[in-house]
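FYI, the numbering just counts along the sequence from 1. These numbers were taken from a predicted model, which means no experiment stands behind them.
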Amino acid sequence: MELPNKRVLTLENASFNVGETLTVTGVPKPNAAQFNVNIGFSDSDIALHVNPRFNYADYVKKVVFASRQKGTWSKEHFSQSFPFEEGKEFEISIEFKPAEFLVILPDNSVFHFPNRLGAEIYPMICVEQDVRITSFKIK
């Protein structure tokens, strides 16, 4: 899985820490194929990759979760729901616990994803692809 460079927002040295919650609000673009929210150290070391796919790489209406270490992607995991619509505002919240991320999707379903890189601080947050961000908060 390659990540084409269509960055919408990149915060380097943003410092997402254990105990904090990241909330991203946005609107998928018309005819969106996918968008990503990545948290990690770099493009090669991503602790959490949240990837709603409207129609991309043989996946239709799937939310894909993965991590990446030294450029190698982990096994993909999937949510049971796909609570996104093109042109409709959404909110994703990510709670950073020591051992895992709790990803709260727009339908309030919660996905538990392990903190495979094991850090307590991640300096990079990146949102990319077919989305317009309307709000971005870390509390």
Side-chain angles (χ1 to χ4, degrees):
M1 168 180 23
E2 285 303 311
L3 297 176
N5 193 2
K6 289 174 65 179
R7 295 259 161 99
V8 176
L9 173 69
T10 300
L11 297 177
E12 294 185 9
N13 302 314
S15 183
F16 187 41
N17 302 285
V18 165
E20 293 182 329
T21 299
L22 167 66
T23 304
V24 177
T25 307
V27 179
K29 294 179 180 177
N31 301 311
Q34 66 166 332
F35 68 90
N36 307 304
V37 177
N38 295 322
I39 297 167
F41 295 110
S42 67
D43 287 341
S44 295
D45 291 295
I46 298 170
L48 176 65
H49 171 73
V50 181
N51 181 210
R53 296 182 182 181
F54 292 86
N55 189 358
Y56 179 78
D58 296 329
Y59 296 106
V60 177
K61 294 190 176 182
K62 294 275 187 191
V63 182
V64 178
F65 298 88
S67 60
R68 191 176 196 187
Q69 288 184 278
K70 297 179 182 173
T72 302
W73 287 104
S74 69
K75 179 182 177 196
E76 295 176 328
H77 298 270
F78 306 92
S79 70
Q80 296 296 315
S81 64
F82 187 81
F84 299 93
E85 294 179 40
E86 295 170 30
K88 184 176 177 186
E89 188 172 75
F90 68 85
E91 181 178 283
I92 297 173
S93 292
I94 301 169
E95 296 179 19
F96 187 4
K97 306 289 186 187
E100 68 179 355
F101 298 93
L102 300 179
V103 182
I104 303 160
L105 297 174
D107 62 356
N108 290 319
S109 62
V110 178
F111 193 88
H112 297 256
F113 192 82
N115 180 7
R116 292 180 176 149
L117 301 187
E120 294 185 358
I121 299 172
Y122 290 107
M124 183 197 78
I125 302 168
C126 177
V127 181
E128 55 191 4
Q129 301 301 324
D130 304 325
V131 67
R132 180 175 54 87
I133 299 304
T134 56
S135 176
F136 185 93
K137 298 176 203 164
I138 298 175
K139 287 187 179 183

Would you sort out whether Gln129 and Tyr56 count as a side-chain hydrogen bond (donor to acceptor under 3.5 Å, both in side chains), showing the intermediate values?
CA-CA 12 Å; Gln129 301 301 324; Tyr56 179 78; over 6 Å; no
Would you say the side-chain atoms of [X] pair up with the backbone N or O of [Y], donor to acceptor, closer than 3.5 Å?
| X | Y | result |
| --- | --- | --- |
| Glu20 | Asn17 | yes |
| Ser135 | Thr25 | no |
| Asn115 | Pro98 | yes |
| Asn36 | Gln34 | no |
| Asn51 | Val64 | no |
| Asp45 | Gly71 | no |

Go through the side-chain N and O atoms of Ser109 and Gln80 and say whether any donor and acceptor fall under 3.5 Å apart.
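Per modelled atom types, Ser109 and Gln80 side chains form no pair under 3.5 Å.
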Check: Thr21/Ser93 side-chain N/O donor and acceptor closer than 3.5 Å
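No donor-acceptor contact under 3.5 Å links the two side chains.
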Set out, in order, the CA-CA distance, both residues' side-chain angles and the distance that settles side chain to side chain contact (heavy atoms under 4.5 Å, CB included) for Val50 and Phe101, then state yes or no.
CA-CA 11 Å; Val50 181; Phe101 298 93; over 6 Å; no
Taking all atoms of both residues into account, what is the closest heavy-atom pair of [X] and [Y], and its distance?
| X | Y | value |
| --- | --- | --- |
| Leu117 | Arg68 | CD2-O, 4.1 Å |
| Val63 | Ser81 | CG2-O, 3.8 Å |
| Phe113 | Ala66 | CZ-C, 3.4 Å |
| Ala47 | Tyr122 | CB-CZ, 3.4 Å |
| Pro123 | Phe41 | CD-CD2, 3.6 Å |
| Lys62 | Phe82 | N-CD1, 3.3 Å |

Decide yes or no on side chain to side chain contact (heavy atoms under 4.5 Å, CB included) for Phe136 and Leu22, but give the supporting numbers first.
CA-CA 7 Å; Phe136 185 93; Leu22 167 66; 3.5 Å; yes
How far does [atom1] of [X] sit from [atom2] of [Y], to the nearest 0.5 angstrom?
| X | Y | atom1 | atom2 | result |
| --- | --- | --- | --- | --- |
| Ser67 | Glu76 | OG | CD | 10.5 Å |
| Lys61 | Asn55 | NZ | CG | 9.5 Å |
| His49 | Trp73 | NE2 | CH2 | 4.0 Å |

Using the side chain to side chain contact (heavy atoms under 4.5 Å, CB included) definition, which of the options Phe78, Phe84, Tyr59 pairs with Arg53?
Tyr59
Within the 4.5 Å heavy-atom criterion, are Leu48 and Phe96 side-chain neighbours or not?
no
Can you find a heavy atom in the side chain of Lys29 that is under 4.5 Å from one in the side chain of Asn31?
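No, side chains not in contact.
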Would [X] and [Y] show up in the same hydrophobic cluster when neighbours are defined by side-chain heavy atoms closer than 4.5 Å?
| X | Y | answer |
| --- | --- | --- |
| Phe90 | Ile104 | no |
| Ile125 | Ile133 | yes |
| Phe16 | Val18 | yes |
| Phe54 | Val27 | no |

Quick check: are there more than 12 heavy atoms from other residues, nucleotides or ligands sitting under 6.0 Å from CD of Glu120?
no
